[in-house]
Participant: 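Pasting in a structure now, in structure tokens, and then I'll have a few things to ask.
This chain uses plain numbering: 1 for the first residue, then up along the sequence.
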Amino acid sequence: MKIGFGLAVILAFLVAFTSVSVTAAEIMTLKATEGRFKVTFYPDYFLFLKGLDGSKIKTDWVDKEYYAVLDVHEGPEKGQSVIVTLKKSSDRSPQPEWCKTEGGEEFSGLGITCLKGAEGFTDQLRFKVTAKYADSAAKLPAELQDRVWTEYPEMPGRREFEMLGSFDMHIVLE
């Protein structure tokens with residue numbers, strides 16, 4: 001009887017602690033006032049973020065593929081979220097990178113190439129990303145899974161000249 005009870009206690013203990021997450025994911029959140037996706041070749045995009053404090057954001061740090069979730073707060077896709085992965089930095093293409101590309105305040109013209117010599121210009125932060133389908137949510141930490149997902153071809157801010165309103169970009173650093 002004592003052995004059976006002891007075994008039951010040990011089994012209950014193991015079951016309880018295997019279902020509890022030992023570590024929570026480390027998540028960095030960037031709050032953009034506006035932004036835009038610019039397609040290179042689907043599913044790869046450039047993602048531009050505006051309205052960030054450049055003094056607090058490190059550049060050239062993406063050393064592997066990281067998952068990120070964009071929560072859209074304005075526009076027709078308000079309340080929807082998009083899953084992307086960040087592309088790894090290279091010598092020729094740091095990730096992320098402050099850019100002077102899209103014509104300043106108007107977010108128009110000059111394309112997707114970051115212009116060098118734009119020292120002190122910290123209005124647009126560019127990430128190279130790969131769009132993911134909603135089933136990728138299973139790979140995200142629990143705190144990022146409860147969303148209304150949108151995916152290609154309905155991704156917000158990806159249509160020609162379409163702007164994203166304010167959004168949060170949650171990057172899973174682990």
Side-chain angles (χ1 to χ4, degrees), residues 21 23-75 77 79-102 107 110-116 118 121-159 162-174:
S21 175
T23 60
E26 182 180 352
I27 299 171
M28 174 176 49
T29 299
L30 302 174
K31 296 180 179 288
T33 57
E34 62 182 307
R36 175 156 97 175
F37 282 104
K38 270 197 104 90
V39 69
T40 55
F41 294 102
Y42 176 81
D44 297 326
Y45 291 89
F46 289 111
L47 173 61
F48 292 93
L49 292 81
K50 287 183 75 171
L52 304 173
D53 182 354
S55 67
K56 294 182 170 50
I57 297 176
K58 182 181 167 191
T59 58
D60 193 14
W61 60 266
V62 180
D63 58 350
K64 65 178 186 173
E65 183 179 86
Y66 292 94
Y67 274 89
V69 171
L70 277 63
D71 291 332
V72 180
H73 301 302
E74 293 178 2
E77 287 89 1
Q80 296 181 14
S81 298
V82 177
I83 303 170
V84 298
T85 55
L86 308 183
K87 298 249 183 190
K88 185 178 172 184
S89 280
S90 70
D91 291 338
R92 295 179 59 139
S93 183
Q95 279 279 76
E97 181 176 24
W98 288 108
C99 293
K100 183 173 189 172
T101 62
E102 296 254 47
F107 244 143
L110 302 182
I112 58 177
T113 303
C114 284
L115 302 176
K116 300 301 174 198
F121 187 85
T122 55
D123 188 44
Q124 299 171 50
L125 187 64
R126 180 185 78 177
F127 283 92
K128 292 179 182 173
V129 301
T130 300
K132 298 295 183 182
Y133 287 107
D135 61 359
S136 294
K139 297 178 182 175
L140 297 170
E143 58 265 36
L144 293 177
Q145 289 186 3
D146 189 22
R147 303 283 198 277
V148 176
W149 300 111
T150 187
E151 56 191 31
Y152 181 85
E154 303 302 323
M155 282 175 36
R158 65 156 285 279
R159 295 172 281 277
E162 182 181 18
M163 299 298 301
L164 286 167
S166 67
F167 64 95
D168 294 340
M169 181 177 182
H170 307 286
I171 302 170
V172 181
L173 301 174
E174 298 180 307

Participant: So, do Phe37 and Leu70 sit near enough that their side-chain heavy atoms are less than 4.5 Å apart?
Facilitator: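 Yes. Closest side-chain heavy atoms under 4.5 Å.
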Participant: Of all heavy-atom pairs between Pro96 and Thr59, which one has the smallest distance, and what is that distance?
Facilitator: O-CB, 3.3 Å
Participant: Here's a test for you: under side chain to side chain donor-acceptor pair (under 3.5 Å), which of Asp71, Asp168, Asp146, Thr150 qualifies with Ser81?
Facilitator: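 The residue from Asp71, Asp168, Asp146, Thr150 that satisfies side chain to side chain donor-acceptor pair (under 3.5 Å) with Ser81 turns out to be Asp71.
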Participant: State, with a plain yes or no, whether a side-chain heavy atom of Gln124 is found less than 4.5 Å away from one of Trp98.
Facilitator: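 In short, these two side chains do not touch, never coming nearer than 4.5 Å.
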Participant: Taking all non-hydrogen atoms of both residues into account, name the closest pair between Ser89 and Pro94 and its distance.
Facilitator: OG-C, 3.7 Å
Participant: Would you say Ser166's side chain and Thr33's backbone share a donor-acceptor pair under 3.5 angstrom?
Facilitator: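 Flag not set: sc Ser166 to bb Thr33 has no pair under 3.5 Å.
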Participant: Is any side-chain heavy atom of Val82 less than 4.5 Å from a side-chain heavy atom of Val69?
Facilitator: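 No, their side chains stay 4.5 Å or more apart.
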Participant: List the atom of Gly79, the atom of Val148, and the distance in Å for their closest heavy-atom pair.
Facilitator: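 Smallest heavy-atom distance, with atoms named: O-CB, 3.9 Å.
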Participant: Of all heavy-atom pairs between Glu174 and Lys64, which one has the smallest distance, and what is that distance?
Facilitator: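 Shortest heavy-atom contact: OE1-NZ, 4.1 Å.
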Participant: So Met28 and Val172, side-chain contact (heavy atoms from CB on, under 4.5 Å) or not? Walk me through it.
Facilitator: CA-CA 7 Å; Met28 174 176 49; Val172 181; over 6 Å; no
Participant: Can you tell me how far the CG atom of Leu30 sits from the NE2 atom of His170, to the nearest 0.5 Å?
Facilitator: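 That separation rounds to 9.5 Å.
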Participant: How many angstroms lie between atom CD of Glu34 and atom CD of Glu74, to the nearest 0.5 angstrom?
Facilitator: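 That separation rounds to 9.0 Å.
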Participant: Would the distance check show the side chain of Gln145 and the main-chain N or O of Leu140 forming a donor-acceptor pair, the cut-off being under 3.5 Å?
Facilitator: yes
Participant: Would a 4.5 Å heavy-atom cut-off, applied to side chains only, mark Phe127 and Leu49 as touching?
Facilitator: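 Answer yes - side chains close enough.
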Participant: Going through the checks in order, is the side-chain contact (heavy atoms from CB on, under 4.5 Å) test met by Lys128 and Leu86?
Facilitator: CA-CA 6 Å; Lys128 292 179 182 173; Leu86 308 183; over 6 Å; no
Participant: What orientation do Tyr45 and Tyr42 show, parallel under 30°, tilted 30 to 60°, or perpendicular over 60°?
Facilitator: perpendicular
Participant: Check whether any side-chain heavy atom of Leu164 sits under 4.5 Å from a side-chain heavy atom of Arg36, and report yes or no.
Facilitator: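 A side-chain contact under 4.5 Å is absent here.
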Participant: Report the distance from atom CD1 of Ile83 to atom OG1 of Thr130, rounding to the nearest 0.5 Å.
Facilitator: 13.0 Å
Participant: Rounded at 0.5 Å granularity, tell me how far CD in Gln80 sits from CZ in Arg147.
Facilitator: 13.0 Å
Participant: Heavy-atom distance under 4.5 Å between the side chains of Trp149 and Asp135, does that happen here?
Facilitator: no
Participant: About how many Å separate CG of Leu173 and CD1 of Ile27, when rounded to the nearest 0.5 Å?
Facilitator: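 It is 8.5 Å, given to the nearest 0.5 Å.
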Participant: Mind listing the closest non-hydrogen atom pair of Val84 and Ala131 along with its distance?
Facilitator: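 Smallest interatomic distance, heavy atoms only, reads CG1-CA, 4.2 Å.
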Participant: To the nearest 0.5 Å, what is the distance between OH (Tyr67) and NZ (Lys139)?
Facilitator: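 Going from OH on Tyr67 over to NZ on Lys139, the span is 3.5 Å.
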Participant: Can you name the nearest heavy-atom pair linking Ala134 to Glu151, along with the distance?
Facilitator: N-OE1, 2.6 Å
Participant: Between the side chain of Gln95 and the main-chain N/O of Trp61, is any donor-acceptor distance below 3.5 Å?
Facilitator: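 Here the side-chain-to-backbone pair does not exist.
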